[in-house]
Amino acid sequence: MAEASPAPRILISNDDGIHAPGLQVLERIAARISDDVWVVAPERNNSGAGHSLTLRRPLRVRRAGERRYAVDGTPTDCVMLALQLIIRDRPVDLVLSGVNHGGNLGEDVTYSGTIAAAMEATLFKIRAVAMSQLLTSGEPVHWATAERFGPDIVRQVLTMPWPEDVLINVNFPDCPPDAVRGVRVTSQGRRKLGDDLVERLDPRGEPYVWIGALREDGSPREGTDIAATNAGWVSVTPLHMDMTHRPSFSALHQALGVSP
Ligand code: MN
């Protein structure tokens, strides 16, 4: 008789840090899929770190429990160290990142450490899903929505033939689980007009700037992650690591006077 295939090995990480409530939500989501779950997450909040690597100082890995480690670096550092150093006896089958405190929609994906952890896994040719829970600042976060819909979405996307260089970006709407309308496959939207830059003087009279809230375009395109989550749908977006814009090739050939 053939041996039963072992449970998939899952690595989870995030950008909000090892103590973030969303990481606990993701641990519960992962536990519904496998009993071989490893956590390697940043010591501190790295939101907005993007796909940055720590190159100019050493990294410390702290064992924080059974199959649980904190790294004093970025989400990308965490995934790289997890896959090449920390977890060595058997390969990782799936990387889950999140659940982020707040959405990762539109151009957020270019700043997001949550997405970057999934990008790093994708570069290692490991399937990866990033998850984010939309919220309203100052109000309780509907983590139950991510927890209710997360496990099935992960199981379901794992049944598709996974294209090379692709990761999945999941955003849960800012509503209780019972108010969710369903799941939509979406494209990356666009909403950013600018950021509110707060310019003040520090207690010693020196000027500083603090990057504040995003100024949003209030009219999201249909079919985007932004429109879907606004309307109460879970948004699932396939993102591609190859950022080449092929439709520009012919215009560039012409502008540069070069042949294809
Ligand atoms: Mn974050």
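For ligands, and for the atoms within them, numbers begin at 1 and follow the listed sequence.
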Kindly confirm whether the Mn ion (ligand 1) is within less than 2.8 Å of some N/O/S atom in Ser47? yes
Residues Asp178, Arg148: salt bridge by 4.0 Å N-O rule: yes
Can a salt bridge be assigned to the pair Asp93 and Arg9 using a cut-off of 4.0 Å between side-chain N and carboxylate O? no
In Asp16, the N/O/S atom nearest the Mn ion (ligand 1) carries the name OD1
Does a sphere of radius 6.0 Å around CD1 in Ile211 hold more than 12 heavy atoms from other residues, nucleotides or ligands, not counting ones at 6.0 Å or beyond? no
With respect to the Mn ion (ligand 1), what is the nearest N, O or S atom of Asp15? OD1
Side chains of Thr244 and Asp242, donor plus acceptor under 3.5 Å: yes
Is Asn100 close enough to the Mn ion (ligand 1) that one of its N, O or S atoms comes in under 2.8 Å? yes
